[in-house]
Amino acid sequence: FKADNNQTYLTAIDPYHFLGSSKLYYLNNYVGTDIVDGEIKNNLRVAPFGTAGVENPELHIVLESLFFKFNGLDNNSSFGEYTGAVFILSALISILVVIPIFMIIRHFSNNLFALFGTLILLTVGTFVSRTVAGFVDTDAYQILFPLSITAFLIYSLINKNKYVGILLSALSGLCFGLFIWAWSSGWFFFVFILSALVIYLSYLLISYFINKSEDIKLILKSNILLLITFIISTFVFVKYFTNQNIFTSTIMGLFGGLGGVTSISISNIWPNVATSVAELNPASFGQIISSVGGALVFLIAMIALVFLVLEYTPLNSKQKLYKRLVLIFSFIWTVLFINNTFTFLAANNSFLFVGLLFLPVAVAMILALINGNNSIKIFMSMLLSIWMAGTIYMSFNGVRFILLLAPAVAVSAGIGLYYIYIVCNNFFEKELKPKSFIGKQLGGLLVSSIVFLTIFTPMYTHCLLYTSPSPRDGLL
């Protein structure tokens, strides 16, 4: 179906809500039709009629109104012209996602595997289906801003210039303010970031007491300063953009948000209107894995979390043996979960299920702590683990949260492919003893590329279902 100017209609209900609100904001400078006794009213909405309007709307509405202005629309413009002005907005935002994810993976690998990880994210069906042209909703922000927050934070932690690090940490807070402005439910990511930073600082503190290293002490002081900068900047920018208190929103979300979603997913004898919204129905572990690329992608992502922690030079043969045992345990343990060996736990206690899933990462952390590994890769593994664990748990209570898992899995999978490349290169160099530089790199490059193509080809084919025209289009 198409509008009066041959413009394809938007593809879902929510985009029309935003379109109508954005049009009102563009024409009236507030989301409403009238001002009655000093209060904004929206008389185009019913149930109840004359719903209270909004003076300062969310980011998405502001952006759509800017697109209307750029296209020179006015009160006489047709519905099709308004639709056409914002039709590709979500697709444009999703294009920006490639910048932060590439930069994150690149720091922990190289350009090639940063490209691989980026392509994995861009072909995740859940991501593509909710950011294609016409699906002009807020889903693209839920990928762009968490990745941007993470990228700025990572580069602030690795930067040796104190003032540049503080600036990057503040930019991470700015992105958080924009994230909450775009999607008020983004408080959960504040929990993820804070948890990872606090655990990493605790890890460094314990390491300092074990090793008594002045280098660790300096890193600890620097990271505490960056943590304070991040917290203050996040508070300031969230307050500026939304007039919300991030701490209040987070506490209310923790004690009310997830509980509300969980209650939606519970079945009883009464019809549940909320479950008619399919995205709030619970997802199984198998559904979650298949939605972010499949079993192989998930396995590589999980193994990468352990590799990040254990990337240090063993001091003796015993440490080398322990590293190998933990990696083997991680592989077997993850395969058991993927093969539904512990599925009964997900039904009875999803929190315990998720905790046990990431047990190999915890074991690797303990081993790294004993051996004095304090690399930033420890923090990256902690953040990705918390991000993945949190969104998997949320996905058990609502299928729509799988989208939030996709960027973490893609980042980890890109890094995981890099470790496959490193391991294979080391093996071929030891066994075949190639003399040329190309010969030393070729084995790992071939294996990792084959694994990537094995992952990417079916994901790309699946994505074509969302991007190719329907056979019915020619009949309408």
Side-chain angles (χ1 to χ4, degrees), residues 104-120 158 207 211 293-336 338 358-381 384-385 409-457:
I104 293 169
I105 301 174
R106 181 178 180 271
H107 177 71
F108 298 99
S109 59
N110 59 33
N111 289 332
L112 177 63
F113 295 97
L115 175 63
F116 285 175
T118 302
L119 290 174
I120 288 173
I158 64 174
S207 181
N211 300 290
L296 183 57
V297 174
F298 190 78
L299 176 62
I300 293 172
M302 291 297 294
I303 300 299
L305 299 177
V306 177
F307 263 110
L308 279 168
V309 177
L310 296 181
E311 191 179 341
Y312 59 86
T313 304
L315 299 176
N316 52 54
S317 58
K318 184 180 289 187
Q319 289 186 10
K320 190 174 184 179
L321 174 63
Y322 289 156
K323 278 184 62 174
R324 289 179 176 177
L325 288 175
V326 171
L327 287 168
I328 293 170
F329 166 66
S330 174
F331 178 84
I332 295 173
W333 189 255
T334 305
V335 169
L336 289 174
I338 291 173
F358 289 85
L359 178 62
V361 182
V363 174
M365 295 280 182
I366 295 171
L367 184 61
L369 182 62
I370 294 172
N371 289 277
N373 182 18
N374 304 299
S375 168
I376 186 64
K377 294 174 183 178
I378 300 285
F379 171 73
M380 191 70 237
S381 180
L384 290 174
S385 297
V409 170
V411 169
S412 192
I415 297 171
L417 287 168
Y418 172 73
Y419 282 117
I420 291 175
Y421 162 77
I422 294 296
V423 170
C424 290
N425 274 349
N426 292 339
F427 173 79
F428 290 129
E429 186 173 354
K430 181 180 178 181
E431 298 298 325
L432 302 179
K433 297 180 174 60
K435 295 181 180 180
S436 67
F437 174 79
I438 295 177
K440 292 178 181 180
Q441 307 297 317
L442 189 59
L445 183 61
L446 285 174
V447 173
S448 57
S449 297
I450 290 170
V451 173
F452 168 71
L453 290 174
T454 303
I455 292 169
F456 179 75
T457 303

Checklist entry - Is I415 close to K377 at the side-chain level, that is, under 4.5 Å between some pair of heavy atoms? => result no
Checklist entry - Say you draw a straight line from CG of L299 to OG of S330; how long is it, rounded to the nearest 0.5 Å? => result 8.0 Å
Next on the checklist: Could you go through L305 and F358, starting from their C-alpha distance and side-chain angles, then the distance that decides it, and tell me whether this counts as side-chain contact (heavy atoms from CB on, under 4.5 Å)?
Outcome noted: CA-CA 9 Å; L305 299 177; F358 289 85; 3.7 Å; yes
Checklist entry - With a cut-off of 6.0 Å (strictly less than), are more than 12 heavy atoms of other residues, nucleotides or ligands near CZ of F329? => result yes
Next on the checklist: As a quick check of understanding, evaluate side-chain contact (heavy atoms from CB on, under 4.5 Å) for I370 and Y322, giving each step before the final call.
Outcome noted: CA-CA 11 Å; I370 294 172; Y322 289 156; over 6 Å; no
Checklist entry - Checking N426 side chain against E429 main chain: does a donor-acceptor pair fall under 3.5 Å? => result no
Check residues 447-456 and write down every donor-acceptor pair under 3.5 Å in which the side-chain atom is one partner and the other belongs to a residue at least two apart or another chain.
| from | atom 1 | to | atom 2 | distance (Å) |
| --- | --- | --- | --- | --- |
| S448 | OG | G444 | O | 2.8 |
| S448 | OG | L445 | O | 3.2 |
| S449 | OG | L445 | O | 2.7 |
| T454 | OG1 | I450 | O | 2.7 |

Item to check | S109 versus Y418, closest heavy-atom pair with distance | outcome: CB-CG, 3.3 Å
Next on the checklist: Using 0.5 Å steps for rounding, measure from the SG atom of C424 to the CG atom of L442.
Outcome noted: 11.5 Å
Item to check | Worked verdict on I376 versus H107 for side-chain contact (heavy atoms from CB on, under 4.5 Å) | outcome: CA-CA 11 Å; I376 186 64; H107 177 71; 4.2 Å; yes
Checklist outcome for this item: Rounded to the nearest 0.5 angstrom, the CG-CZ distance for L384 and F379 is 9.0 Å
Item to check | ring-ring contact (aromatic ring centres under 6.0 Å, His included) against F427, all qualifying residues, sequence neighbours excluded | outcome: none
Checklist outcome for this item: Scanning both residues in full, the closest heavy-atom pair of I300 with A413 reads CG2-O, 3.7 Å
Checklist entry - Just how far is it from atom CD1 of I332 to atom CG of L327, taken to the nearest 0.5 Å? => result 11.5 Å
Checklist entry - When rounded to the nearest 0.5 angstrom, what is the spacing between CZ in F298 and CD1 in I303? => result 10.5 Å
Next on the checklist: So Y421 and L112, do their side chains get closer than 4.5 Å, heavy atoms only?
Outcome noted: no
Checklist outcome for this item: Between the CZ atom in F307 and the NZ atom in K323, the distance rounded to the nearest 0.5 Å is 8.5 Å
Item to check | Nearest heavy-atom neighbours spanning V411 and I104 | outcome: CG1-CG2, 3.9 Å
Checklist entry - Is the closest side-chain heavy-atom distance between M365 and S381 below 4.5 Å? => result yes
Checklist entry - Which heavy-atom pair separates I105 from A410 by the least distance, and what is that distance? => result CD1-O, 4.0 Å
Checklist entry - Would you say Y419 and L308 make side-chain contact, with heavy atoms under 4.5 Å? => result yes
Item to check | Least distance between heavy atoms, N373 atom then E311 atom | outcome: ND2-O, 4.2 Å
